[in-house]
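Here, residue 1 is the first one in the sequence, and each next residue gets the next number. Read the numbers this way: they start at 1 and go in the same order the structure lists the ligands and their atoms. Only a predicted model underlies this, so the values are computations on that prediction, with no experimental measurement involved.
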Amino acid sequence: MSKSFFPPQRTLMGPGPSDVSPRVLAALSRPTIGHLDPEFIGLMDDIKGLLQAAFKTGNELTLPVSAPGSAGMEAVFSNLLEAGDKVIVCQNGVFGGRMQENVERCGATAIMVQDDWGLPVDPDKLEQALVSNPDAVAVAFVHAETSTGVRSDAQALCALARQFDCLAIVDAVTSLAGIELCVDDWGIDAVYSGTQKCLSCVPGLSPVSFSERAITRIRNRRQRVQSWFLDMNLIMDYWGGDSKRSYHHTAPVNAMYALHESLLMVQEEGLEAAWARHDHHHQAFVAGIEALGLSLIVSPDARLPQLNAVEIPPGIDEAAVRRHLLQSWNLEIGAGLGSLATKVWRIGLMGHAANQQNVLLCLSALGSTLQSMGAAVNPDAAMAAAHEFYSV
Ligand SMILES: *Cc1c(COP(=O)(O)O)cnc(C)c1O
């Protein structure tokens with residue numbers, strides 16, 4: 001006989017999902033109403049306005065796709081690309097590879113601009129690729145590479161795209177509400193994000209936004225979008241401004257309550273204050289990690305505050321450490337991905353989880369665990385460094 005599921009109380013400091021605040025969980029459990037109920041349509045309008053503020057955009061076509069970040073990625077590529085198009089994809093980690101996969105599945109060609117994992121995308125390499133490929137229609141890159149903890153200079157990359165008359169497509173799954181992201185000022189044409197990273201909402205929704213240039217391209221397609229579910233021409237009629245809301249699919253009503261609440265929390269704190277909070281706790285965490293005797297693989301100027309790639313000390317069974325943290329501390333941290341598997345842990349300070357308690361908990365748990373496994377670390381110095389940081 002199966003029983004009700006009661007999850008353990010974890011602290012989530014991996015690459016996502018991040019801890020969801022009790023306020024958001026409470027919103028999730030409010031009564032379900034119809035997705036065409038006038039009250040729900042009012043909520044959709046409010047969500048759109050809050051998302052526009054979080055993205056810093058006036059884009060009319062701004063909405064949450066009813067599926068996780070990967071679906072937002074797919075929505076952007078499948079709407080903007082047609083068979084035969086050429087797209088420049090900058091890759092410096094796992095998620096750039098998924099962009100390539102999406103481009104190719106649209107029947108388009110991906111011209112890859114590669115940078116080493118752990119480095120930001122090099123604007124000079126992008127410029128060379130743009131010069132060599134004057135027929136490219138778009139440039140795509142990941143703003144915050146969650147697989148390596150690297151921030152690329154989205155503003156510079158978008159400016160190059162614009163200079164060469166390409167659409168700028170940006171993966172902001174991990175950046176939204178965690179680091180500076182200015183969709184309009186930077187000239188981003190299509191952006192997708194997720195709810196489970198720095199918004200600290202439940203997983204399963206993907207906020208997206210399209211510029212007028214992007215919408216013109218979608219409206220003028222020669223072929224229909226291959227995916228019916230993700231076709232923005234149809235979704236525009238469901239989410240559209242003053243037009244009648246026609247049934248497209250049943251929105252995940254309760255997840256929308258949760259998204260709304262998490263966006264309200266960002267609004268109350270202030271977007272810039274949320275960016276600053278991520279940075280503040282990241283600085284404390286780094287001070288502690290370095291005093292512990294470990295290092296981050298990314299150079300300080302390209303580090304993501306919300307995702308810290310920490311080098312694993314020699315001779316340590318990294319999976320055993322994560323298991324111990326989960327079992328004895330109820331603390332989840334992430335493993336490395338791809339070429340960084342077994343080289344780094346990925347420690348998230350995302351959204352609601354970017355706070356002093358979590359920084360101290362993680363330093364303390366990681367320090368004592370590593371010490372018990374014989375690593376040359378100094379847990380007392382780590383705690384002292386973090387406390388020192390917070391006391392000034
Ligand atoms: C997490 C993530 C995704 C995918 O989001 P899901 O919600 O897991 O589908 C895409 N891109 C980046 C950079 C991510 O960190």
Practice prompt. May I ask you to decide whether Arg277 forms a salt bridge with Glu269, counting only side-chain N to carboxylate O separations under 4.0 Å?
Written response: yes
Worksheet item: Quick one: which ligand 1 atoms are inside 4.0 Å of a heavy atom on Gln196?
Response: 5 (O), 6 (P), 7 (O), 8 (O)
Fill in: Nearest protein heavy atom with distance in Å, relative to atom 11 (N) of ligand 1
Asp171 OD2, 2.7 Å
Discussion item. For atom 2 (C) of ligand 1, what's the nearest protein heavy-atom neighbour? Residue, atom name and distance, please.
Written reply: Lys197 NZ, 2.7 Å
Discussion item. I'd like to know if Arg151 and Glu180 make a salt bridge, using a cut-off of under 4.0 Å between side-chain N and carboxylate O.
Written reply: no
Discussion item. For atom 4 (C) of ligand 1, tell me which residue out of Ser70, Ser206, Gly348, Gly204 has the closest non-hydrogen atom.
Written reply: Ser70
Worksheet item: Taking the side chain as C-beta and beyond, is there a heavy-atom pair between Gln223 and Cys106 under 4.5 Å?
Response: no
Worksheet item: Do we see a donor-acceptor contact under 3.5 Å between the side chains of Thr146 and Thr174?
Response: yes
Worksheet item: Does Ala144 have a heavy atom less than 4.0 Å from any atom of ligand 1?
Response: yes
Worksheet item: So, Glu261 and Arg23, do they make that salt bridge, N to O below 4.0 Å?
Response: yes
Response to the item:
So the atoms of ligand 1 within less than 4.0 Å of a heavy atom of Gly69 turn out to be 5 (O), 6 (P), 7 (O), 9 (O)
Item to complete: Name the closest protein heavy atom to atom 3 (C) of ligand 1, giving the residue it belongs to and the distance to 0.1 Å.
Response: Phe95 CE2, 3.5 Å
Discussion item. Using a 4.0 Å cut-off to any heavy atom of Thr174, which atoms of ligand 1 qualify?
Written reply: 15 (O)
Worksheet item: Given Ser18 and Ser200, is the side chain to side chain contact (heavy atoms under 4.5 Å, CB included) satisfied, shown in steps?
Response: CA-CA 6 Å; Ser18 61; Ser200 277; 3.3 Å; yes
Worksheet item: Distance only, no hydrogens: is a donor on one side chain within 3.5 Å (strictly under) of an acceptor on the other, for Asn59 and Ser211?
Response: no
Discussion item. What protein heavy atom lies closest to atom 15 (O) of ligand 1? Include the residue and the distance to one decimal.
Written reply: Thr146 OG1, 2.3 Å
